[in-house]
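Here is the structure we will look at.
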Amino acid sequence: KAYGEVLALTPEKDPARNDLTERLAAAIYKQGEQARQGGQTRQAADLFAKVATAAPQSSVRTAAQYDAAASLTALKDGSGAARMLEDCRQRCPGHPLADDVTAKLALAYTEQGQWASAAAEFERLAVAKKEPELARSAQWQAAELYEKAADGGTAVSRSNATKAYERYLRLYPAPLEPAIEARHRLARLAERDGNPARTLALQKEIFQADQAGGAERTGRTRTLGATAALALAEPVAADYRKVALVEPLQRQLTLKKAKLQETLKAYSVAADYGVAEVVTASTFQIGALYQDFGKSLLTSQRPKKLNKIELEQYNVLLEEQAFPFEEKAIELHELNARRSAEGFYDEWVRKSFSALRELRPGRWARAERADTGGSPPAALNQQAIALRQQGEFAKAREAYEAALAADASYATACLNLGILHDLYLGQPAEALAMYSRYLALTPAGDTAVGKWVADLKNRVPAPAPAAAPPAPASKESS
């Protein structure tokens, strides 16, 4: 206070004024330090900020504002901290604390959710940092934050994210994993921009980079490589679908078969990665291809000038040719469906179940029965159906079993639990037991379920015969 009073009485041009200003600033700054040490963060922030107004020309002003910003950050006042730091940088761009100011601004903007502003600060850090690893990390953070700003944003914000990732790739082609990840993010941005050619080109780069990655390959690069391989198969499949089986039929059939082989190979490359979600997608797509080829044969254009008998013979021939393709489709979709018993029930496994309901309705078109009666067992039955639809098979089984524990004669739960064991858990013996119990509880019978039981009995191996008892000892041996 005394320094302030003296300073107020000192003329502007008095040589002693500068010294008094420094002393006043130092005194206020000291008070701020004491408040900070005493845990009085708000008071410390106010005192540090006061230096700028009470002694704006002092040499400690920048340091005081920096400390005020740090205190405001601790108080979760990112907006106040940002204002302090921006003023610091504007007034003293070459100050030794300049890099720290940028880092603090990046943090303040991030905490406020101002992703684009935070990204710009990280880009400043990427340029300023002398250590290559710190510069690389800052550039990556800048790109991620620009991408975050682009979520639900404009084409301009997506352009900023794209430029940041491209800059990262240009400056840091290694290590492998983040370089492939950057291409993956770029492909995602290109897709959102409606640029399929650019998206596909980036997917090709991802696939090639992973294939050439050698010892640097990781689980993440393989996953992205597999996803890219899957994406690269899509235009090949599109070319296959464009070929119609019309006259001249032999030429078109030869072309469609060639396109089929190319597409199968493309999806097989993706499946060979062994990445679960890509394997299920590839298996479904390959099954769908075989199914489509069989249908295409059956619906192909018939040659002209066939008489009635010749047309019937031709149709029979087409059915014979289409049958192996349908069987192969069933085999692949069943392979996918069996993965539900291993805990995989993603979009593609669900689609394979849908395909099987069409291809083999007698085996796979088995739907649970709802019960909206309102009783506790009925509520458990409905809960179990919902859990099964979500892929929560173990919890669904528990709910069905709880329903049966509440009412052992509840036939609907027996039936539905049988379906769960049969289709989704891959447990035919348990399914057979539940279907049989359901029929025993259904005096009027159920023809459809009776057929399911017969089907299961053909699939469930008969129990091994009991071992014969040992022959009694002979009199001679006794």
Side-chain angles (χ1 to χ4, degrees), residues 210 217-231 233 264 266-291 326-368 381 383-402 413-435 452 455-461 463:
D210 176 64
R217 296 174 79 194
T218 65
R220 179 61 177 166
T221 69
R222 288 183 175 87
T223 297
L224 294 178
T227 305
L230 188 64
L264 293 174
Y267 279 118
S268 295
V269 168
D272 286 346
Y273 265 91
V275 175
E277 60 269 28
V278 175
V279 170
T280 57
S282 299
T283 303
F284 170 80
Q285 296 290 5
I286 293 172
L289 284 165
Y290 280 116
Q291 185 179 357
E326 183 176 297
E327 287 295 294
K328 189 65 177 177
I330 290 170
E331 177 188 334
L332 286 157
H333 286 307
E334 286 186 333
L335 174 63
N336 233 14
R338 284 196 294 273
R339 292 189 171 109
S340 66
E342 301 165 9
F344 297 108
Y345 195 60
D346 62 8
E347 169 193 2
W348 303 105
V349 172
R350 287 184 173 92
K351 285 186 174 183
S352 281
F353 271 103
S354 296
L356 287 166
R357 292 186 194 105
E358 177 188 341
L359 290 164
R360 285 191 65 190
R363 167 74 181 95
W364 292 96
R366 301 178 182 181
E368 300 99 337
N381 179 71
Q383 179 185 350
I385 292 173
L387 287 166
R388 194 281 302 164
Q389 290 170 344
Q390 296 164 19
E392 298 282 356
F393 302 135
K395 290 180 180 178
R397 183 183 61 212
E398 290 172 4
Y400 284 133
E401 289 172 348
C414 290
L415 174 65
N416 290 348
L417 182 53
I419 292 172
L420 182 69
H421 282 300
D422 188 4
L423 300 188
Y424 302 100
L425 294 176
Q427 298 170 336
E430 289 83 349
L432 180 58
M434 296 313 302
Y435 288 154
W452 300 355
D455 171 58
L456 272 170
K457 285 180 178 177
N458 290 329
R459 289 190 283 122
V460 176

How far does CG of N416 sit from CG of N381, to the nearest 0.5 angstrom? 5.0 Å

Nearest heavy-atom contact between F353 and S340 is CZ-OG, 3.9 Å

Report the distance from atom CD of E358 to atom CD1 of I330, rounding to the nearest 0.5 Å. 10.0 Å

Would you say that E368 contacts Y400 through its side chain, given a criterion of any heavy-atom pair below 4.5 Å between the two side chains? yes

Heavy-atom pair with the smallest gap, counting every atom of A337 and V349: CA-CG1, 4.3 Å

Ignoring hydrogens and geometry, is there a side-chain-to-backbone donor-acceptor pair from S282 to V278 under 3.5 Å? yes

Of all the heavy-atom pairs spanning P428 and L456, show the shortest one and how long it is. CB-CD2, 3.7 Å

Is any NZ, NE, NH1 or NH2 atom of the basic residue among R350 and E347 found under 4.0 Å from an Asp or Glu carboxylate oxygen of the other? no

Q291 and H333, any side-chain heavy atoms less than 4.5 Å apart: yes

Working to the nearest 0.5 angstrom, can you tell me the gap between L417 CG and L425 CG? 8.5 Å

Any donor-acceptor N or O pair under 3.5 Å, side chains N336, T280: no

Inter-residue atom distance R222.CZ - L224.CG, 0.5 Å rounding: 12.0 Å

Out of curiosity, R397 CZ to R388 CZ, how far, rounded to the nearest 0.5 Å? 15.0 Å

Taking the side chain as every heavy atom from C-beta outward, state whether R459 and D422 have any atom pair closer than 4.5 Å. yes

Nearest-0.5 Å distance, CH2 of residue W452 to CD1 of residue I419: 4.0 Å

Less than 4.5 Å apart, side chain to side chain, heavy atoms only: is that true for L230 and Y273? no

When you compare the side chain of F344 with that of V279, does any pair of heavy atoms fall below 4.5 Å? no

Regarding R339 and S352, do their side chains bring together a donor and an acceptor under 3.5 Å, going by distance alone? no

Once the angle between the rings of W348 and F284 is folded into 0 to 90°, is it parallel (under 30°), tilted (30 to 60°) or perpendicular (over 60°)? tilted

Nearest non-hydrogen partners of A399 and A384, listed with the distance: CB-CB, 3.6 Å

So does E334 pair up with R363, basic N to acidic O under 4.0 Å? no

Might you point out which heavy atoms bring R217 and D210 nearest each other, and give the distance in Å? NH2-OD2, 2.8 Å

For G362 versus R366, what's the shortest heavy-atom pair and its separation? O-NH2, 3.2 Å

